[in-house]
Amino acid sequence: MDLQRLQRALSLEAELGFTNLQGREQTFSQFVGSVFGQDPPSDWVLDGDDRRRWRELGSRYTLYPELELPERQHLVAETRRWLERVRRQQEQPQPFAPTGRSPRSHPPSPLAASSQQRWGSQSPISPPLPASLSLEQPLQFLKGIGPKSAEKLAQLGLHTVRDALYYFPRDHLDYSQQVLIRQAKVGETVTLVGTVKSCTCFTSPKNPTLTIFNLKIADKSGTLTLSRFYSGRQFAQRSWQASLERQYPKGAVVAASGLVKKGRLGLTLDNPQIEVLASEGSLQDSSGVGKILPVYPLSEGIPADLVRKAVQLALPAAALVEDPLPPDLKQQFHLLDLPTALQQIHFPETAECLAQARRRLVFDEFFYLQLGLLQRRQRYRTQAQAVPRYQPARGELLDRFYQILPFQLTAAQQRAIDEILADLRDPLPMNRLLQGDVGSGKTVVAVAALLAAIQSGWQTALMAPTEVLAEQHYRKLVEWLSQLQVPVELLTGSTPPAKRREILRQLQTGELPLVVGTHALIQPAVQFRNLGLVIIDEQHRFGVEQRAALQQKGDHPDVLTMTATPIPRTLTLALHGDLDVTQIDELPPGRKPVHTVVARPGDRLQVVRLMEREIAQGRQAYVVLPLIEESEKLDLKSAIEEHQRLQEKVFPQFRVGLLHGRMTSSEKETVIEAFRRRELDILVSTTVVEVGVDVPNASVMLVEHAERFGLSQLHQLRGRVGRGSDQAYCILMTGSKGEDALRRLKVLEQSHDGFFIAEMDLRFRGPGEVMGTRQSGLPDFALASLMDDQEVLHLARQAAEQLLALDPDLKRWPPLSRILEERQARLLGPGLLT
């Protein structure tokens, strides 16, 4: 019986709202019932009462689908609590110590000593622990909560005491810096406490998509009006505006915190944090005034005071939380113990306490991520056959390939090839990420890797995310490899059946050494005889399962993943901590930088003249838009309507083509080929041209509504021009008046360094927006920031490497191993029940 799998299932059911999760074959209740229907593990020592309890729990789960929500919560919490008690009886945790040495042989580090001096041997004062309080206790049974409040808390995913402890604040209000309204000074960050005099929320008469919120408050020294602005049609609905007004009734006491600035109506707070407090009579007894108060993520109808109350009642149970980190590791990296960190992140005694608590919890988020990534790399390498497969770096095919190249490799390209060839000669399989800016020459490096594998008798595969990109790779490979008499075939969804059957036969017999394709390569019918190298282009556009499916076509083949989207170092570590990374940070000589300009609607005539001039000189232009058809929510031009307008009204003398994602692959290829053969002068497109359309004659890129794109995406689009010897232009057209949007776009005017641009994109938009969290596999951090916590990320990586060097399977630290599996299970979802 797999106890850890059972614990993960119980934890996941609680996190997702006690819905009786449906796995691939069983529901949650069926799975748990089947586990308790078996005998307890043979190595468990259970008395008669615990054995009876084991059988009783199994029978109770047969009724789980008919239970009400509070009853389900209670049963799951009771089960988790009982299993935790039994587990503690069965296992003894071991201390952290290097091989052959006891913990005492480690002298304490200066950092550890200073931590002990600062915090002492005791945790900060917290309420005494009630005898009945446990981590798995449902919140409804806490004194002062009850079933109705518990239902509201459940909407936030808060069901148990443990849930409340790990529901971290999104911010803190420092009410210890409270001042009167008349004492507020421009440029200071302050907290004001006052009574609501009026609250209005209305649609701007000048802009139907702008909602204005005004809150007038007063204290004994004066009055002040706070304002917020909401952009978007969803906020213009009167029902939404009325619900916001109801949150601040006349006479309510509120606290507002923010930067004091001079507004149209006098002094105000910039983008204020506003909190409803208790009534006027109980103001001095407020739990917030004079303290650092947590601000939690909320939903409509759930008051902030309720969440704070639940957390405060749960806080004594932090003492029950097991700290899985080895003591020596905590000393080395100057980390608080976990119970103290949980207490101080919610209700910190000082700003310093808050900083130290956050540092420990951020470290944990990064540490388990890095531990999982490194362990995955270790296991992959352990499973692989440690057999050298490749010839030395030089060989006949590679030598001939270098001779036919019409250009000299850059130093960065040569360094990348050398690193990859060294990996190929290594007995362990390669798992490397090749990053290169737009136009840096990654394809040449990839071909060198392919030829190194082919000349050693192995088959190879190159997978691209779209047919457009796969066909472009195929065309380039045929151009080069036909001179070397190396056959290459293209396999996509559009490959004719007869041709498809022939390609599959040649792959199975081993006579075809190289195949280029899309997702079609991972279909069950595709079988290789001896796949030795897999190259995956634009890897972030494939899911983890898709990449793994191609790798499984061979016996632990070498894997090279490529991306033309530069990724900042911290993001690389978080996303690809299990990969070795190579960067091509040098462009081929002779490339002219693309002249980039941020343009306003009033500049449009000049842009039209520029395009006319370039086309008259024999060159071509792109016009890129963010949507295919007109959207009701966003006032943006569509590619379809803009194509018609440009052809009929703006450029009737030129040939204007249209390319968008809803076209079939053959339709796309027809349009791109016409543009490539100069049968079209202007190509109106969505971002389908972002990657893979290589037309050296194109010299103008006009991006409409540029503020809607990320910087890295705009940098990719800019890379579609300037691929020839002529001067190229990129026009970023925007009607936005927002300072932030213009500041972002100005970065592209000033820099052509893709890695710098990616770093700025990360700073402006955050990692989830930059990479697309769902596609990238980027974890959803509760506290950690890849921009603000870079130092902690690198410390966590170092700690994970140290720990795995001592014990790759973490057998010395069962609690650590258990929590790692639980965190990974949360990312995998309910499939673990099967």
Side-chain angles (χ1 to χ4, degrees), residues 380 384 389 420 424 429-434 442-443 445-454 456-478 480-481 486-564 579 661 664-666 668-669 688 691-692 775-777:
Y380 182 78
R389 298 178 297 180
I420 292 168
L424 297 181
M430 173 174 70
N431 205 7
R432 184 171 289 276
L433 171 67
L434 177 64
K442 295 181 299 301
T443 305
V445 175
V447 173
L450 292 167
L451 292 175
I454 292 170
S456 301
W458 293 87
Q459 288 176 293
T460 59
L462 193 161
M463 184 166 74
T466 65
E467 291 197 13
V468 169
L469 188 53
E471 287 164 357
Q472 176 146 325
H473 280 308
Y474 173 70
R475 189 178 293 106
K476 180 64 72 175
L477 287 168
V478 167
W480 284 336
L481 300 191
V486 175
V488 55
E489 294 288 357
L490 176 67
L491 183 63
T492 70
S494 302
T495 303
K499 181 65 174 177
R500 180 184 181 82
R501 287 193 295 271
E502 178 62 17
I503 293 173
L504 295 181
R505 185 193 66 78
Q506 292 181 357
L507 289 175
Q508 201 161 17
T509 61
E511 59 190 282
L512 179 61
L514 171 58
V515 62
V516 180
T518 56
H519 301 76
L521 292 178
I522 63 177
Q523 298 304 314
V526 180
Q527 299 293 328
F528 293 81
R529 183 180 179 186
N530 59 340
L531 181 63
L533 172 64
V534 168
I535 296 182
I536 301 171
D537 195 16
E538 290 303 314
Q539 54 79 35
H540 64 280
R541 297 172 69 176
F542 290 102
V544 175
E545 297 83 1
Q546 293 168 324
R547 299 197 297 266
L550 183 56
Q551 291 176 242
Q552 290 164 5
K553 297 290 184 181
D555 185 9
H556 296 91
D558 290 301
V559 178
L560 177 67
T561 57
M562 303 194 301
T563 178
L579 307 182
T664 65
S665 296
S666 59
K668 290 178 189 173
E669 185 55 31
V688 71
V691 174
Q775 290 82 3
S776 70

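We're numbering straight along the sequence, starting at 1.
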To check you understand the geometry: which heavy-atom pair defines the closest contact between A464 and H473, and what is its length? CB-CD2, 4.2 Å
Would you be so kind as to tabulate the donor-acceptor pairs closer than 3.5 Å made by side chains of residues 496-504, with sequence neighbours excluded?
residue: K499; atom: NZ; partner: E489; partner atom: OE1; Å: 3.1
residue: K499; atom: NZ; partner: E489; partner atom: OE2; Å: 3.2
residue: E502; atom: OE1; partner: R505; partner atom: NE; Å: 3.4
residue: E502; atom: OE2; partner: R505; partner atom: NH2; Å: 2.8
residue: E502; atom: OE2; partner: Q506; partner atom: NE2; Å: 2.9

Could you state the interatomic distance from CG (L491) to OH (Y474), rounded to the nearest 0.5 Å? 11.5 Å
Does anything in residues 522-534 pair up under salt bridge (charged side-chain N to carboxylate O under 4.0 Å, His left out), and if so which pairs, sequence neighbours excluded? none
Tightest non-hydrogen contact, residues V534 and P557, listed as CG2-CG, 4.1 Å
List in chain and number order the residues that pass salt bridge (charged side-chain N to carboxylate O under 4.0 Å, His left out) with R475, two or more places apart in sequence or in another chain; answer none if no residue qualifies. E669, E673
Once rounded to the nearest 0.5 Å, what's the spacing between atom CE of M430 and atom CG of L560? 5.0 Å
Separation of L469 CG from T492 OG1 (nearest 0.5 Å): 12.5 Å
Nearest 0.5 angstrom please: T460 OG1 to L533 CG, how far? 6.0 Å
Taking C-beta and beyond as the side chain, do L424 and W458 meet within less than 4.5 Å on heavy atoms? no
Where is the tightest heavy-atom contact between A470 and V516, given as atom of each residue plus distance? O-CG1, 3.6 Å
CG of D558 to CD1 of I420, rounded to nearest 0.5 Å, is 10.5 Å
Say you draw a straight line from OG1 of T561 to CE of M463; how long is it, rounded to the nearest 0.5 Å? 10.5 Å
In terms of heavy-atom contacts, L462 and L521 come closest through O-CD1, 3.6 Å
Not counting sequence neighbours, which residues clear side chain to side chain donor-acceptor pair (under 3.5 Å) with E467? List them please. S494, S665
